[in-house]
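In what follows, a single structure is set out as structure tokens and then discussed.
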Amino acid sequence: GTGSSDEIADDEITDSSSSDTDIDAIVAEYQEKIHIAALTRLSNESTKSPTSVSSRLVTWAIVVFTLWALALSIVLAHLMDKIAAKISWVIAYMITLMMAMIITIVFVAWQPQVKKIVPFSIPVVPWTPMMVIMLNLYLMTNLNQMSWTITCSWLFIGILLYVCHGAWHSKEQKKTTFSIPENNHIKLKPLPKKDVIGVCSTMLIPGHRLGRLPRISWKNRL
């Protein structure tokens, strides 16, 4: 009698330990699945659609390209006689700037772009806009001193008129903004708190397995 009761107790302990082991194994398995699913989603989003990081990279790349294009435009505008004379350092400098510009354009082209269809978009992005920047800078570096003086004067007058009058009397700004009287208040509903772990566990864990784990606290386990 004593021996059989001991055997039954040992079997219960073994069953409980194996049950705990199975529960831990199931939790570890689905933790790994949630981790892999999250990483896969982040990887797909980062490679297919633009992010804040890629946007900053493109912005700085355009700034660098503009500097390269400005330097090349100055060389073409003011050192054309030395280029015609085939002076080696001028030609090497010009080739270096051109290679740097091409590398910058390729870098921008590798970044993810917005897939949204718009009524009009520039074809062959980013090659066409980059070449437009280069062409405009080349034309600007060929302007004489009088042209620059007149251009800067009119730019200053236009900016002054905009700051003093246009910015404060814009009809478009009035359409897109609104003011709230001081005595009125707007009551906003609080944002709902979503149980992300619960949603992920419901999506990844089949129902029959959830039924086997009634005492598991997913918030503590995960």
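Heavy atoms only: backbone and side chains are in, while hydrogens, waters and symmetry mates are out.
Residues M130 and M134 fail the side-chain proximity criterion, which asks for heavy atoms closer than 4.5 Å. Side-chain atoms of P50 and S55, non-hydrogen and from C-beta on, never get closer than 4.5 Å to each other.
The number of heavy-atom neighbours closer than 6.0 Å to CE of M131, taken from other residues, nucleotides and ligands shown, is above 12.
In this structure, W110 is not a member of the same hydrophobic cluster as V63, with clusters built from ILVMFWY side-chain heavy atoms closer than 4.5 Å. Connection of V106 to V58 is established within a shared hydrophobic cluster, with ILVMFWY side chains joined at heavy-atom distances below 4.5 Å, either directly or through further cluster members. Both V124 and I102 are assigned to one and the same hydrophobic cluster, defined by single-linkage of ILVMFWY side chains at heavy-atom distances under 4.5 Å. I150 and I157 fall within the same hydrophobic cluster, defined by Ile, Leu, Val, Met, Phe, Trp and Tyr side-chain heavy atoms under 4.5 Å apart, directly or through other members.
To the nearest 0.5 angstrom, M99 atom CE is 9.0 Å from T96 atom OG1. Atom OG1 of T51 and atom CZ of R56 lie 8.0 Å apart (nearest 0.5 Å). With rounding to the nearest 0.5 angstrom, the OG1 atom of T151 is 11.0 Å from the CE atom of M146.
Pairs passing the ring-ring contact (aromatic ring centres under 6.0 Å, His included) check and including a residue from residues 139-165, sequence neighbours excluded, read H165-H169.
A donor-acceptor contact shorter than 3.5 Å is absent between the side chain of S147 and the backbone of L143.
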Kindly list each side-chain donor-acceptor pair under 3.5 angstrom involving residues 64-91, sequence neighbours excluded, with atom names and distances?
unit_1	atom_1	unit_2	atom_2	d
T66	OG1	I62	O	2.8
S73	OG	A69	O	2.7
S73	OG	Y138	N	3.3

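Nearest heavy-atom pair across A100 and T104 is O-OG1, 2.7 Å.
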